[in-house]
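Chain letters run A, B, ... following the sequence lines, proteins first, then strands; residues in each count from 1. Note that the structure is a prediction, hence the values are computed from the model and not measured.
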Amino acid sequence: MSPPIDTNALARPEFLPDPDRSREEMESLQRELAAAATFADDLDFTPAEIAIDEAADRSTGLPPARSEPTGDLDPDAPVVVGIDQAFRPERDEAISAAVAIRDGCVIEYADAVTPLSIPYVPGLLAFREGEPILAALEALSVEPDLLVCDGSGRIHFRQAGIATHVGVIRDLPSVGVAKRLLCGEPDEPVGERPEGWSTAIRADDSVERVGGDVDDADADPDAGPPVIGHAYQSRQYPNSRRVNPLYVSPGHRASAETTVELVAALCAGYKLPEPTRLADAHADRVKRRLDGDG
DNA sequence: GCGACAG
DNA sequence: ATCTTGTCGC
């Protein structure tokens, strides 16, 4: 009999986010991480293969009842894992939730509760939330094919946002989905835009250049600063208040262009992609249960 | 010194 | 992120 394979083994443990580091050490680790990251496609599936067309119920994670009783789910479809967190400020704890989705349906929920060691500092988010996220991923029994993180990836001062950090540590394709822009400059102004619209986010003076940039088509100086992500209008209302776009960026093993397509395929009528929505809901449930217990 | 900044 | 109620509009 063959020994069980630990699919949760860390590929790059040297990048583990250790909060006992100085700001300078954290920043230099991020530079190494960005150099180790791949901002080009290295996936064995297409956006179409992970597409989700019906939004699940937030509390049950189940598809709508009106959904056709289709045949069996495809057991070979890629597994997309959404990750999100909730907090208990009074106890200084983070609740991390990971939701695994295959063929549009939730196949597993996992979560972890971790003490928070450092405060939130823009640009150093992974050192606050990285450990909790990795703990939730380890609690998962399925092996992810794609990670969808709540926050930036390449859209980051050192091109090593939380999606990149987690993606590189696990050596898994990952994308970052942020609700607000950390840095960089949109090609076109982000005004009232129709659903499906997107524009490139390019590095500005606050973004350090990394070795990976030379692999970009944008390495050509005439082409302007490298594209580090996109603003993507995942949802818009016809006659109502404007919805802000999402800011999506490569974490690891995905190009900026493919990242938009992956996120677009994972959106099913809400502003946030389904994996993120459901992870958010799960984190909320765990938090409420914990608050109820005391 | 001022500005600016994911969750 | 979290603390929090109602409220404006489709």
| d(CZ, A/R158; C1', B/dC5) in whole Å | 11 Å
| Are A/Q233 and A/L246 close enough that some pair of their side-chain heavy atoms sits under 4.5 Å apart? | no
| query | How is A/G176 classified with respect to the nucleic acid when contacts are heavy atoms under 4.0 Å: base, sugar-phosphate, or nothing? | reply | nothing
| What integer distance in Å separates A/E93:CD from B/dG7:C1'? | 17 Å
| task | Mind calculating the distance between CD1 (A/I118) and P (B/dA6) to the nearest angstrom? | result | 15 Å
| Heavy atoms under 4.0 Å, any strand shown: does A/Y120 hit a base, just sugar-phosphate, or nothing? | base
| query | Which is true for A/A86 with a 4.0 Å heavy-atom rule: it touches a base, it touches only sugar-phosphate, or it touches nothing? | reply | sugar-phosphate
| request: Please state how far atom CD1 in A/I133 lies from atom P in B/dG7, giving the value in whole angstrom units. | output: 12 Å
| Which is true for A/L181 with a 4.0 Å heavy-atom rule: it touches a base, it touches only sugar-phosphate, or it touches nothing? | sugar-phosphate
| query | From C/dT2, B/dG7, B/dC5, pick the nucleotide closest to the side chain of A/K287? | reply | C/dT2
| said: Using a heavy-atom cut-off of 4.0 Å across all strands, would you classify A/F157 as base, sugar-phosphate, or nothing? | reply: base
| query | Whole-Å distance between B/dC5 C1' and A/I228 CD1? | reply | 13 Å
| request: State, yes or no, whether a side-chain contact exists between A/D150 and A/V177 at a heavy-atom distance under 4.5 Å. | output: no
| Is there a donor-acceptor contact under 3.5 Å linking the side chains of A/T258 and A/D41? | yes
| query | A/D204 has an atom CG; how far is it from atom P of B/dG3, in whole Å? | reply | 18 Å
| Between A/E93 and A/R88, is there a side-chain N and carboxylate O pair less than 4.0 Å apart? | yes
| note | Out of C/dA1, B/dA6, B/dC5, minimum distance to the side chain of A/K179 belongs to C/dA1
| message | Tell me the interatomic distance from A/Q85, atom CD, to B/dA6, atom P, rounded to whole angstroms. | response | 16 Å
| query | Rounded to whole angstrom units, what separation is found between the CG atom of A/D280 and the P atom of B/dG7? | reply | 11 Å
| query | Just checking A/L124: base, sugar-phosphate only, or nothing, at a heavy-atom cut-off of under 4.0 Å? | reply | base
| note | Quick note, A/P122 side chain, CB onward, closest among B/dC5, C/dT2, B/dG7 is B/dC5
| said: Could you tell me if the side chain of A/F15 sits less than 4.5 Å from the side chain of A/L10, heavy atoms only? | reply: no
